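See below for the structure under consideration.
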Amino acid sequence: MRIATWNVNSLRARIDRVADFLKRHDVDVLALQETKVKDDKFPRERFDELGYEIAFHGLNQWNGVAIASRVGLQDVTVAFPEQPGWGDDEPVVEARALGATVGGGTREDGTAVPRVRLWSLYVPNGREIGHPHMDYKLRWLHTLAGHAGQWAAEETPLVLMGDFNVAPLDTDVWDIAAFEGLTHVTPPEREAFGALEQAGLVDVVRPHTETDTYTYWDYQQLRFPKRQGMRIDFALGSPSFAELVTGAFVDREERKGKGASDHAPVVVELGGSEAGTRA
DNA sequence: ATGGCTTTTTATAAAAGA
């Protein structure tokens, strides 16, 4: 079974790329972020045609998350408990978190599909050090981490996937010196990301990738051809999920060409359960 | 050079991204 996550930076602008990606890599489940589409304009027909069930949540042109699955899609949850909102007087809980349970059935060939509890997450950017959005980002991550331990203790393997907007290691950016005074690499952000790891989650992709593997390259300054990127998109799994993982990669090809998102998809390969392993 | 790119909107300038 293959599960992927991708910040598409507008789903409607890239729906053909998404369809090609699903086919090319034989992806069973895809978590999307920054769909930038309100629910009433979501291109659900495209997923129907491709044979995927789809859950989505978008309030306006900002943010937006979705989960597509061709191995079942159940118990969809919009937002996590106590998810912080954004705004002065009446904070709005933005479209940044969508949970669903996928898999759990049997394939046509009789092999078992692992059952997985999945969250598609789009962590607030933070904007600038000292900006209220940074406080929002930190509260958002710490609140999420406050629930992660309990979720990870459930029987169903858990994975939090998405754009975390934090580069946990200095080597996760192309030049740490160039990030002096900028967001994504500050100690408070790394601590907030670390809280998820302290809750028992592990990065299931890093062990399968090179140190200089990135998931994001700025549209400006020719960052992609210069290989000047950031690793900020992750799949954090519970121990039981991590045991299922047999491989992972970043699809760098998706960042190439006209009409690419500034993020590349991250793909996680799962082996079968005891009941059967897919060939 | 207070930008350089890309997307959205009941647009056509401003916000957001990172």
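Chain A is the first sequence line, chain B the second, and so forth, proteins listed ahead of strands; every chain is numbered from 1. From a predicted model like this one, the values you see are computed outputs, not experimental measurements.
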Rounding to the closest angstrom, what is the interatomic distance between [N] and [M] at atom [atom1]?
N: dA16(B); M: dT2(B); atom1: P; value: 22 Å
N: dA11(B); M: dT6(B); atom1: C1'; value: 16 Å
N: dA18(B); M: dC5(B); atom1: C1'; value: 12 Å
N: dG4(B); M: dT9(B); atom1: C1'; value: 24 Å
N: dG17(B); M: dG3(B); atom1: C1'; value: 16 Å

Evaluate E53(A) against R70(A) for side chain to side chain contact (heavy atoms under 4.5 Å, CB included), listing each step before the verdict. CA-CA 6 Å; E53(A) 292 177 81; R70(A) 63 177 185 192; over 6 Å; no
Please tell me which of the listed nucleotides, dA18(B), dT6(B), dT7(B), lies nearest to the side chain of A13(A)? dT7(B)
Going by atom types only, do T211(A) and R206(A) share a side-chain donor-acceptor pair under 3.5 Å? no
Side chains of H263(A) and N9(A): donor-acceptor distance under 3.5 Å anywhere? no
Centroid-centroid under 6.0 Å between Y214(A) and W174(A) rings: no
Find the distance [X]:[atom1] to [N]:[atom2] and express it as a whole number of Å.
X: Q61(A); N: dT9(B); atom1: CD; atom2: C1'; result: 6 Å
X: R223(A); N: dA18(B); atom1: CZ; atom2: C1'; result: 11 Å
X: L59(A); N: dT10(B); atom1: CG; atom2: P; result: 14 Å
X: Q220(A); N: dA16(B); atom1: CD; atom2: P; result: 16 Å
X: K137(A); N: dG17(B); atom1: NZ; atom2: C1'; result: 11 Å
X: Q221(A); N: dG4(B); atom1: CD; atom2: C1'; result: 6 Å
X: F164(A); N: dA18(B); atom1: CZ; atom2: P; result: 14 Å
X: K41(A); N: dT8(B); atom1: NZ; atom2: C1'; result: 10 Å

Between R46(A) and D16(A), does any NZ, NE, NH1 or NH2 come within less than 4.0 Å of an OD or OE carboxylate oxygen? yes
Within the structure, does a side-chain N or O atom of R12(A) lie under 4.0 Å from either OP1 or OP2 of dT9(B)? yes
